[in-house]
S.K.: 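Structure incoming, see below.
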Amino acid sequence: MGEFLGAATGFPTVVFSSALVVVLVFWLLVALGAAGADSFDSDVDFDAAGLGGVPVTVTVSLTVVTAWFISLTGSVSIGRAGLSGLTHAVADIALLLLSLLVAWWVARGLVRPLAKLFPDEPGPSRQDFIGSICTIRTGWVNTEFGQAEVEARDGAVAVVQVRQDPRAGEPALSAGSSALLYAYDDTGEFFWAAPYEAALDPGPRADHG
């Protein structure tokens with residue numbers, strides 16, 4: 001255990017150990033909702049290095065973890081080889097460069113399949129659903145309760161919170177009813193819905209295309 005601890009805190013692994021701590025703290029903040037996985041996407045572009053297609057934080061994390069593991073393993077091997085003086089220093093520098101090179105190669109290979117999980121096109125926002133036809137999925141809808149299913153532009157079905165304004169004097173919405181989502185309440189995070197005939201749906205709105 002002491003051998004690996006010494007390797008992790010010695011050069012060159014300490015460089016990656018420090019970076020690894022930062023990576024772990026960042027993902028802890030993401031898990032707690034204090035940061036977003038794409039927080040630095042507007043600041044760095046890794047496309048030229050073949051590492052694009054996923055959030056920058058994912059690329060950096062893959063690179064750091066891989067480099068740390070390679071450097072740690074290499075440092076232990078160098079220590080066991082009994083190198084000293086200039087030879088030890090040259091071996092450490094070579095290990096540092098090798099760790100970075102292999103980490104880049106590994107990260108590049110992993111980024112390609114992971115890119116499929118991060119489409120370039122942003123997902124639908126709640127505002128995109130305004131003007132859409134939904135299907136009520138709860139037994140009733142009032143000012144406090146109600147859910148409905150609505151289809152996004154990409155064909156995915158989303159479940160949204162809906163409410164009906166009783167002051168409008170419209171027929172009550174119930175399970176299976178078709179309704180028009182005509183407004184969104186940011187405070188309550190729900191859509192205002194009104195009865196609507198699905199056969200009259202004009203299709204996707206032009207300003208959403």
S.K.: Going by side chain to side chain donor-acceptor pair (under 3.5 Å), name the residues that satisfy it together with Ser71, two or more places apart in sequence or in a different chain.
M.R.: Thr13
S.K.: What are the two closest non-hydrogen atoms of Val150 and Ile133, and how far apart are they?
M.R.: CG2-O, 3.7 Å
S.K.: Which ILVMFWY residues can you reach from Val22 by hopping between side chains whose heavy atoms are under 4.5 Å apart?
M.R.: none
S.K.: Decide whether Val65 and Leu28 are clustered together by the hydrophobic rule: side chain heavy atoms of Ile, Leu, Val, Met, Phe, Trp, Tyr closer than 4.5 Å, transitively.
M.R.: no
S.K.: Please give the remaining members of the hydrophobic cluster of Val90, linking ILVMFWY side chains under 4.5 Å, ordered by chain and number.
M.R.: Leu86
S.K.: With the side chain counted from C-beta on, respond yes when Thr63 and Trp105 share a heavy-atom pair under 4.5 Å apart, and no when they do not.
M.R.: no
S.K.: Please report the C-alpha distance between Val106 and Leu62 in whole Å, then the side-chain angles of each, then the deciding distance to 0.1 Å, and finally whether the side chain to side chain contact (heavy atoms under 4.5 Å, CB included) criterion is met.
M.R.: CA-CA 8 Å; Val106 171; Leu62 290 173; over 6 Å; no
S.K.: Using 0.5 Å steps for rounding, measure from the CG atom of Leu181 to the CG atom of Asp128.
M.R.: 12.0 Å
S.K.: Apply side-chain contact (heavy atoms from CB on, under 4.5 Å) to Tyr184 and list each qualifying residue two or more places apart in sequence or on a separate chain.
M.R.: Arg126, Gln127, Ile130, Asp186, Glu189, Phe191
S.K.: Considering residues at least two apart in sequence or located in another chain, which fulfil the side-chain contact (heavy atoms from CB on, under 4.5 Å) criterion with Val21?
M.R.: Val25
S.K.: Any idea which heavy atoms bring Thr9 and Leu5 closest together, and the distance?
M.R.: OG1-O, 2.9 Å
S.K.: Could you walk me through whether Tyr182 and Asp165 pass the side chain to side chain contact (heavy atoms under 4.5 Å, CB included) check?
M.R.: CA-CA 11 Å; Tyr182 63 86; Asp165 188 351; 4.2 Å; yes
S.K.: Over all heavy atoms of both residues, which pair between Trp68 and Ser17 is shortest? Give the atoms and the distance, please.
M.R.: NE1-OG, 3.0 Å
S.K.: Examine distances only and state if a side-chain atom of Thr135 and a backbone atom of Ser178 form a donor-acceptor pair shorter than 3.5 Å.
M.R.: no
S.K.: Quick one: name the residues clustered hydrophobically with Leu83, using the 4.5 Å side-chain heavy-atom rule over I, L, V, M, F, W, Y, and just say none if it's on its own.
M.R.: Ile78, Leu95
S.K.: What pairs with Ser99 under side chain to side chain donor-acceptor pair (under 3.5 Å), at least two apart in sequence or on another chain?
M.R.: none
S.K.: List the residues meeting side-chain contact (heavy atoms from CB on, under 4.5 Å) with Ile136, not counting sequence neighbours, and say none if there are none.
M.R.: Cys134, Thr138, Val141, Ala148, Val162, Leu173, Ser177, Ala179
S.K.: Any heavy-atom pair between the side chains of Phe11 and Leu96 that's under 4.5 Å?
M.R.: yes
S.K.: To check you understand the geometry: which heavy-atom pair defines the closest contact between Thr66 and Ala103, and what is its length?
M.R.: CG2-CA, 3.7 Å
S.K.: With sequence neighbours left out, what residues match Trp104 under side chain to side chain donor-acceptor pair (under 3.5 Å)?
M.R.: none
S.K.: If the condition is side chain to side chain donor-acceptor pair (under 3.5 Å), which residues does Glu149 pass it with, not counting sequence neighbours?
M.R.: Arg137
S.K.: More than 12 non-hydrogen atoms from neighbouring residues, nucleotides or ligands closer than 6.0 Å to CZ on Phe26, yes or no?
M.R.: yes
S.K.: If you compare all heavy atoms of Glu170 against all heavy atoms of Pro195, which two are closest, and at what distance to 0.1 Å?
M.R.: OE1-CD, 3.4 Å
S.K.: Okay, side chain of Arg163, backbone of Phe190: is any donor-acceptor separation there less than 3.5 Å?
M.R.: no
S.K.: Without swapping roles, check the side chain of Glu3 against the backbone of Gly79 for a donor-acceptor pair under 3.5 Å.
M.R.: no
S.K.: Could you see if Leu24 belongs to whatever hydrophobic cluster contains Val56? Use Ile, Leu, Val, Met, Phe, Trp, Tyr and a side-chain cutoff under 4.5 Å.
M.R.: yes
S.K.: With Ala19, which residues qualify under side-chain contact (heavy atoms from CB on, under 4.5 Å), at least two apart?
M.R.: Val64
S.K.: Return the set of residues passing ring pair (Phe, Tyr, Trp, His ring centres under 6.0 Å) with Phe145 (not counting sequence neighbours), or none when no residue passes.
M.R.: Trp140
S.K.: Kindly give the heavy-atom pair with the smallest separation between Ala158 and Phe129, and that separation in Å.
M.R.: CB-CZ, 4.0 Å
S.K.: Can you get from Leu101 to Leu72 by hopping between Ile, Leu, Val, Met, Phe, Trp and Tyr side chains that sit under 4.5 Å apart?
M.R.: yes
